[in-house]
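Values in this document were obtained by computation on a predicted structure and should not be read as measured data. Whatever order the structure lists ligands and atoms in, that order sets their numbers, starting from 1.
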Amino acid sequence: MPLFKKKRGTDDTIENGAKLITLAKPKSPVAEQFRTVRTNINFMAVDHPIKSLAFTSANISEGKSTIAANVAVTYAQAGRKVLLIDADLRRPTVHATFNLSNHVGLSTVISSTAKEVDLDSVVQESGVDNLYVLTAGPMPPNPAELIGSRRMRDFVKMTEEHYDLVILDLAPILEVSDTQELSSHLDGVVLVVSQGKTPKLAIKRAVEMLKFAKVRILGYVMNDVSSENSGYGYGYGYGYGYGYGDEDTKKKGLFSKFRK
Ligand SMILES: Nc1ncnc2c1ncn2[C@@H]1O[C@H](COP(=O)(O)OP(=O)(O)OP(=O)(O)O)[C@@H](O)[C@H]1O
Ligand SMILES: [Mg+2]
């Protein structure tokens, strides 16, 4: 029996960043799907305003970073002042996506003992109007401790005062404990489900964990990573619905899907 499992997933976005189709092809149906995700999140904000929200998934490589970055762009395009935080300290992507330095970032802020954080010294302009980013920073030896810390929660609260919306790209909930911990202190979480790839049991377990921690689940994004005829970067498909299971979302009429 092997001691270590072969590494799953792909490191493509870690090396090259996520594809920003909302910028490259803003008029494409896929970009429109991202705007639908934004609209549906806004629906959820009617009675409970959403200032901080995170994207997570059950396992690695299900499309969290791609979706978080594109949704952040659509909010910025709609005129909201957005901060995208790379809170996946183990598999960071945001610096590569926006071609930025990662010398300082979230890990620097959270591990520092300074009483006050000077946002201007750590937050970077993304190159997209209204969109600011906080990269992950150097990889720390104790990511769970940092993300699950009180300082992290206070920091997110503080950023909410400076931006209209704070979006966090989180590590997968079944892989690490800190995601569950931090999520319960945010205004909501969107679960990314890789269509045809995420096992049903994993989705169920992820939802249970979020509910157990009293996390407000804003919905989920069905990400069609595994489209049979999709080469790399081909066959994007995004849907958005509430609850989980296709039938459920179809019934509620919120599920939409596009395949190039
Ligand atoms: N809808 C899609 N169609 C095709 N490829 C996709 C789609 N969504 C994501 N990908 C690809 O899947 C891989 C994983 O995506 P991404 O890095 O966004 O996922 P992740 O959940 O953030 O992964 P990690 O667990 O490493 O943080 C990347 O190569 C990305 O380009
Ligand atoms: Mg990621």
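Between atom 19 (O) of ligand 1 and the options G63, A69, A18, S57, the minimum heavy-atom separation is to G63.
At least one N or O atom of N223, backbone or side chain, sits closer than 3.5 Å to an N or O atom of ligand 1. For ligand 1, none of its N or O atoms has an N or O atom of N59 under 3.5 Å away. Looking at D169 next to ligand 1, no N or O pair under 3.5 Å apart turns up. Annotation: K64 places an N or O atom under 3.5 Å from an N or O atom of ligand 1; distance criterion only.
Sorted by first and then second residue, the side-chain hydrogen bond (donor to acceptor under 3.5 Å, both in side chains) pairs involving residues 99-123 (not counting sequence neighbours) are N102-T135. Each side-chain hydrogen bond (donor to acceptor under 3.5 Å, both in side chains) pair with one or both residues in residues 179-192, not counting sequence neighbours, appears once here: R153-H185.
Of all protein N/O/S atoms, those lying under 2.8 Å from the Mg ion (ligand 2) come to 1.
No chain of hydrophobic side-chain contacts below 4.5 Å, direct or via other Ile, Leu, Val, Met, Phe, Trp or Tyr residues, connects L53 to V166.
Figure legend: cation-pi geometry between K81 and Y163, with NZ or CZ positioned under 6.0 Å from the six-membered ring centre and within 45° of its axis.
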Begin from the C-alpha positions of I21 and K19 and carry the test side-chain contact (heavy atoms from CB on, under 4.5 Å) through to its verdict.
CA-CA 6 Å; I21 194 142; K19 283 197 160 62; 5.6 Å; no
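At a 4.0 Å cut-off, at least one heavy atom of D88 sits close enough to ligand 1 to count as contact. E62 counts as a contact of ligand 1, since one of its heavy atoms falls under 4.0 Å from the ligand.
Inspection of the N70 and Y75 side chains reveals no N or O donor paired with an N or O acceptor under 3.5 Å. With 3.5 Å as the limit, one finds a donor-acceptor pair spanning the side chains of T198 and E62.
Inter-residue side-chain proximity for T13 and T97 is flagged as unmet; no heavy-atom pair is nearer than 4.5 Å. Annotation: side chain of D86 is in contact with side chain of T93 (closest heavy-atom distance under 4.5 Å).
The side-chain hydrogen bond (donor to acceptor under 3.5 Å, both in side chains) test applied to D169 returns S65, not counting sequence neighbours.
The atoms of ligand 1 that sit less than 4.0 Å from any heavy atom of R91 are 24 (P), 25 (O), 26 (O). Residue S65 has at least one heavy-atom neighbour below 4.0 Å for each of these atoms of ligand 1: 18 (O), 20 (P), 22 (O), 27 (O). In summary, the atoms of ligand 1 found under 4.0 Å from a heavy atom of I60, numbered by their order in the structure, are 25 (O).
Here R35 pairs with E32 in a salt bridge; the nearest charged N to carboxylate O distance falls below 4.0 Å.
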